[in-house]
Amino acid sequence: MRSLCGLCASASDITVMNTLAELRQRFSTALLDLAGDAATAAELAALVLPSQDPKFGDYQANCAMPLGKRLGKPPREVAAALVERLDLADLCEPPQIAGPGFINLTLRDDWIVARLQAALADVDRLGVQRVAAPRTFVLDYSSPNVAKPMHVGHIRSTVIGDALYRMLRFVGHKTISDNHIGDWGTQFGMIIYGWKHFGDEAAFARGPVAELSRLYRLVNTLVEYHEAKNEQLPALRLRLSDQESRAAQLELAPTPADPADKKRAAKRIQEALADLAKTRDELADAEAKVARIEADEPLRKHAAAHPNIGAAVLAETAALHAGDAENRALWQRFLPPCLAEIDETYRRLDVSFDHTLGESFYEEALPQVVRDLAARGLARESHGAQCVFLEGHDAPFLIQKQDGAFLYATTDLATIRYRMDQWRPDAILYVVDHRQSLHFTQLFATARLWGYEHVEFQHISFGTVLGDDGKPFKTRSGASVGLASLLDEAVDRAHAIVCQNDDARPEPLLSAEERRTVAERVGIGAIKYADLAHNRTSDYKFSYDKMLAMQGNTAAYMQYSYARVSSIFDKGSVDAAALRLSGAEITLTHPAERALALALLQFSEALDRVLADYRPNLLTDYLYDVASRYAAFFESCPVLRADTQQQRESRLLLCDLTARTLRLGLNLLGIAVVDRM
RNA sequence: GCGCUCGUAGCUCAGUUGGAUAGAGCAGCAGAUUUCUAAUCUGCGGGUCGCAGGUUCGAGUCCUGCCGAGCGUACCA
């Protein structure tokens, strides 16, 4: 229960100064003698929420219904008693009781304006307060394998992790990002083996990473070939014949008389046929893979010359781990260019890390981890492996293999110990795809048994990036898509769109140089925003057309909205900074002004919601709402041509705050804006 | 077999500890441009929220069962 409380307190108690928090505070006070105790009052006060429909006001309190039930009184009566006790006169119009006992709240315009003026004066933070009790967060995200190029699978972890890092830091927490790269695994065995047998010194000199990825691909192909030929094909053929006879048996069995049994039998046949079809597909794939290599003369020769390549690669890896001088030297030589390559991708993505402590960093600590867990009776031997058996799990958590090698479980445990010793965090967040949830459940359970009880471990899991066919995003030939080429494609498409639109103008706005800058920001932004705008836990379909669309909830639309607002200041030769200091005031007369103002007021509430459950899409939703309201305002409220000087200045202030809210919000998501596009 | 995630408009997706008449974009239809950037905006049509029960003042949201999809499930990470 205590750990759950720790969870609830997590990152969400951000500011007592936002409107929602202020309302809840006032309700909490008013509820105290109705509810009896402070805890119940706070719980009920949490039922004050933004209204979902403007006709119910700006906020609504839903607490009278549950409280009425608790007290055995009609909810409307309770609502009336509550309104009686509320001290909201400076904040709201008189509360309205509606329906079964909803209390609808409409903010006073002067209160909204006062808040916005304060936000305007706060250049960097737009009035968002820092948390009262900062916590220390370690964020673990991106974590690519360095010996192979980053691919589409790294987008979500990198982009979501970076956005959470930025937001947590912005609201005042201490944040430490640590890129747990894979720099010590089998993939290095592959390139070491590849270098020794197929390496090309001249090619390495020309382009080390290209040469190393060639070696990686070549060795991987050969390993997979022998695996397919020697293990997969026989196994699949065996399984196929088993499944064929089972399906035949089921089909021949007499149909049961009982309807329920009959249905079950039919289902079993259906399942057997589905299994059969799946096995046939797998077999066909494996056969095609083998055939492809045998049809390629150079590959066929390599394959024939290296029949035991799989074991040999593992031996090279083991030699590296054992301290073999030659392999260590090669590792030392290969690692820097690999790191430089991924750094280039991070530079383009505008992502950086405080630390990059990969698997190799923990190599020496691993034996001690196993000894320590065994000494405490947490780990024991089973089938020759060292295992932690956990309640509620059939399979144990393996921390050392039969052959003595360590696993990523071991490294993760060593990493936890290092991070706890070094940084004493309150929370460690792992931004890793959902398929690893069992691993993290076991890892966290083991870490707690190991003594790390008072730290919040969170697996920030996310869904898969899918292609058009609804299957994991791959190239036509089935290879994973390289991240660099993905970014190139998005930027190229963005460039075409930018040029097309700018050329269509009577007077093109942008130089060739500007077009390239805009395309880079729009293209990269599109990929990041599409990722962040989807619910973290669901899969989503990757589509360049959708993410680069100008309508809807996309980076391009948000960036365009920003550019449109900015252009007003250019067009009117208005110095926004000077205007802010001029004593000009916001006045809300038009409904569209008020709707925009209300949204601008709620920026910090949106951040609260994001960090309560680490869901960046709640910020994109908010920003899209701001942009939509700005569009409505822009249609119906002339700014530069306003009726009076006072109205002109008021509207310019709203524009200024809109622009800065969009820019800050996008920056917290790791997305850059442009002044013109 | 067991476990986790999911099923919302023709398509892609939102939906805040359970809140009032379930939203957005695309696609379809109808409009707005001598422009403050139309790369835009406005309006219309479109839903048995997989199915069936249950909990309650109130269920897309929680519980149970079923149907369907994906993922995981002892020595890869």
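Numbers restart at 1 for each chain; the letters A, B, ... are given by sequence-line order, proteins then strands. Keep in mind that the numbers below use all heavy atoms, side chains included, and drop hydrogens, waters and symmetry copies.
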Closest-nucleotide 5' rank along RNA chain B - winner of A:Phe56 and A:Leu466:
A:Leu466
Per A:Asp394 side chain, nearest of listed nucleotides B:A20, B:C2, B:A74:
B:C2
Can you identify which nucleotide, out of B:A20, B:C41, B:U21, has its nearest atom closest to the A:Lys55 side chain?
B:U21
Any idea which of B:A77, B:A39, B:U37 is nearest the A:Ile497 side chain?
B:A39
Strictly by Watson-Crick or wobble contacts shorter than 3.5 Å, is anything paired with B:U64, and which nucleotide is it?
B:A52
Side chain of A:Leu49 only, please: which of B:C6, B:U17, B:A20 is the nearest?
B:U17
How far, in whole Å, is B:C62 from B:A74 if one measures between their C1' atoms?
36 Å
Could you tell me the Watson-Crick or G-U partner of B:G70, where both distances fall under 3.5 Å? Say none if there is no partner.
B:C4
Could you go through A:Phe440 and A:His434, starting from their C-alpha distance and side-chain angles, then the distance that decides it, and tell me whether this counts as ring pair (Phe, Tyr, Trp, His ring centres under 6.0 Å)?
CA-CA 10 Å; A:Phe440 284 108; A:His434 73 278; over 10 Å; no
Quick check for you: among B:C71, B:C41, B:U12, whose closest atom lies nearest to any side-chain atom of A:Arg435?
B:C71
Among B:A20, B:U40, B:A77, the one nearest A:Gln436 by side-chain distance:
B:A77
G-U wobble or Watson-Crick pairing nucleotide for B:G47 (cut-off 3.5 Å, both distances)
none
I want to verify a distance call: between B:C13, B:C41, B:A74, whose nearest atom is closest to the A:Tyr557 side chain?
B:C41
Pick base, sugar-phosphate or nothing for A:Ser538, based on heavy-atom distances below 4.0 Å to the nucleic acid.
sugar-phosphate
For the residue pair A:Ser157 and A:Val431, what are the closest heavy atoms and their distance?
OG-O, 2.7 Å
Looking at every heavy atom in both A:Thr40 and A:Arg70, which two are closest together, and how far apart are they?
CG2-NH1, 3.0 Å
Once you apply the 3.5 Å cut-off to both distances, tell me the Watson-Crick or G-U wobble partner of B:A27, or none.
none
Using a cut-off of strictly less than 4.0 Å, decide whether A:Lys546 has a side-chain nitrogen or oxygen near OP1 or OP2 of B:U12.
no
Residue pair A:Lys571/A:Ala395 against RNA chain B: nearer the 5' end by closest nucleotide is A:Lys571
Below 6.0 angstrom between ring centroids: does that apply to A:Tyr560 and A:Tyr557?
no
Identify which nucleotide among B:C57, B:A14, B:A24 has an atom closest to any side-chain atom of A:Met65, counting heavy atoms from C-beta outward.
B:C57
Which nucleotide in the list B:G15, B:A20, B:C2 gets nearest to the side chain of A:Asn617?
B:G15
Among A:Ile103, A:Leu20, A:Leu49, side chain to side chain contact (heavy atoms under 4.5 Å, CB included) partner for A:Tyr59
A:Leu20
